[in-house]
Visitor: 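Pasting a structure below so you can have a look.
Heavy atoms only: backbone and side chains are in, while hydrogens, waters and symmetry mates are out.
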Amino acid sequence: MADLLGSILSSMERPPQVGDQESRRKAKEQAARLKKMQEHEKRKKVEFRKRMEQEVSQFIQDSSQTRRKFESMGKIERSIVHDVVEVAGLTSFSFGDDEETRYVMIFKKEFAPSDEELEAYRRGEEWDPSKAEEKKKLKELALREAQADALRPPARVSPTSDYKDKYSHLIGKVAAKDAAHTLQANKAYGCVPVANKRDTRSIEEAMNEIRAKKRLKNEDGDPASVSS
């Protein structure tokens with residue numbers, strides 16, 4: 001019996017010590033605090049979503065508003081706003097360089113922003129429709145002028161003075177082209193007019209002259225003819 005009782009007692013768990021009880025108590029308190037914080041964050045998200053739904057609904061019903069800018073908010077809040085806006089059938093964009101200053105703008109579908117407007121918001125500038133329209137017209141005007149210039153024939157340049165008069169002290173009164181046709185031979189420089197350089201003989205006459213020159217050369221160089 002004693003052995004049986006001893007085996008039963010040895011198989012039973014030991015009662016928790018004072019240190020173990022304190023650790024378990026702290027763990028339970030930490031888990032309770034974490035659960036409480038999670039429930040608090042969940043309630044805050046639900047409340048924030050309800051508030052955004054009300055503001056978006058008021059924005060839709062207000063015909064005088066085409067866009068609305070919200071204050072800077074965190075990433076989770078921005079995601080909630082985007083989700084509410086998408087469900088409502090609107091358009092939304094986030095702008096801002098860093099996380100602390102990023103904000104959300106919502107637009108009605110029929111007043112969706114243009115690429116130029118989005119670029120202005122990304123640069124941190126205010127959008128001015130009148131200035132944008134004026135800038136667009138100037139750009140279109142410049143494009144039309146460029147197209148007209150491309151189709152326009154090149155302008156004819158009319159000199160205000162005749163180069164012959166301006167450079168008469170260099171080329172004389174007769175133009176260079178005309179002077180070339182009336183050029184006279186200058187023996188000092190060996191200049192011969194082009195007309196004098198032309199060979200007006202026929203091919204047969206030229207060949208006969210070449211043959212006569214060859215015969216004359218052969219006769220001059222023959223030793224028998226020279227000794228006789």
Visitor: Salt-bridge test for K50 and E53: reply yes if a basic N is under 4.0 Å from a carboxylate O, no otherwise.
Guide: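 Salt bridge flag = no for E53 with K50.
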
Visitor: Is a salt bridge present between K108 and E110, judged by a nitrogen-to-oxygen distance below 4.0 Å?
Guide: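 So K108 does not pair with E110 through a salt bridge.
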
Visitor: Can you tell if the side chain of D62 reaches within under 4.5 Å of the side chain of Q65, non-hydrogen atoms only?
Guide: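 Counting from C-beta outward, D62 and Q65 do come under 4.5 Å.
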
Visitor: Would a 4.5 Å heavy-atom cut-off, applied to side chains only, mark V85 and T91 as touching?
Guide: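 The answer is no; the side chains never approach within 4.5 Å.
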
Visitor: Between E134 and K137, does any NZ, NE, NH1 or NH2 come within less than 4.0 Å of an OD or OE carboxylate oxygen?
Guide: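 So K137 does not pair with E134 through a salt bridge.
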
Visitor: Would you please test E39 and K36 for salt bridge (Lys or Arg N to Asp or Glu O under 4.0 Å) and show each step?
Guide: CA-CA 5 Å; E39 292 176 352; K36 188 176 181 180; over 6 Å; no

Visitor: Between E99 and R78, does any NZ, NE, NH1 or NH2 come within less than 4.0 Å of an OD or OE carboxylate oxygen?
Guide: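 Salt bridge between R78 and E99, a charged N being under 4.0 Å from a carboxylate O: yes.
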
Visitor: For the residue pair Y121 and E117, confirm or rule out a side-chain donor-acceptor distance under 3.5 Å.
Guide: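 E117 and Y121 do have a side-chain donor-acceptor pair below 3.5 Å.
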
Visitor: Would a 4.5 Å heavy-atom cut-off, applied to side chains only, mark S92 and F107 as touching?
Guide: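 A side-chain contact is absent here, since even the closest heavy-atom pair is not under 4.5 Å.
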
Visitor: Should K214 and E209 count as an ion pair when the cut-off is N to O under 4.0 Å?
Guide: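 So K214 does not pair with E209 through a salt bridge.
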
Visitor: Side chains of R68 and V56: closer than 4.5 Å at any heavy-atom pair?
Guide: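 Sidechains of V56 and R68: no contact.
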
Visitor: Any side-chain heavy atom of M73 within less than 4.5 Å of one from V81?
Guide: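 When only atoms from C-beta onward are counted, V81 and M73 do touch, with a gap below 4.5 Å.
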
Visitor: Using a strict 4.0 Å threshold on nitrogen-to-oxygen distance, state whether E55 and R51 make a salt bridge.
Guide: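 Salt bridge flag = yes for R51 with E55.
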
Visitor: Is there a path of hydrophobic side-chain contacts, each under 4.5 Å between heavy atoms of I, L, V, M, F, W or Y residues, that connects F70 with F95?
Guide: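 No, no single cluster joins them.
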
Visitor: Look at atom CD of E29 and say whether more than 12 heavy atoms of other residues, nucleotides or ligands are closer to it than 6.0 Å.
Guide: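 Yes - once you tally the heavy atoms of other residues, nucleotides and ligands closer than 6.0 Å, there are more than 12.
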
Visitor: Looking at side-chain heavy atoms only, is the closest gap between E116 and W127 below 4.5 Å?
Guide: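 Counting from C-beta outward, E116 and W127 do come under 4.5 Å.
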
Visitor: Is any side-chain N of the basic residue among E41 and K45 closer than 4.0 Å to the acidic one's carboxylate O?
Guide: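 No salt bridge links E41 with K45.
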
Visitor: Any salt bridge linking D97 with R102? Criterion: basic side-chain nitrogen under 4.0 Å from a carboxylate oxygen.
Guide: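 Judged by the 4.0 Å cut-off on N to carboxylate O distance, D97 and R102 do not form a salt bridge.
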
Visitor: Under a 4.5 Å side-chain heavy-atom rule over Ile, Leu, Val, Met, Phe, Trp and Tyr, are Y103 and F48 clustered together?
Guide: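 Per the 4.5 Å side-chain linkage, Y103 and F48 are not co-clustered.
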
Visitor: Atom CD in E77, atom CD1 in I80: separation rounded to 0.5 Å?
Guide: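 Reported to 0.5 Å precision, the distance equals 6.0 Å.
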
Visitor: Inspect the surroundings of CD1 in I76 and state if more than 12 heavy atoms from other residues, nucleotides or ligands are less than 6.0 Å away.
Guide: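 At most 12 heavy atoms, drawn from other residues, nucleotides or ligands, come within 6.0 Å of this atom.
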
Visitor: If we ignore angles and hydrogens, is there a donor and acceptor under 3.5 Å between the side chains of E205 and N208?
Guide: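 Result is no, nothing qualifies.
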
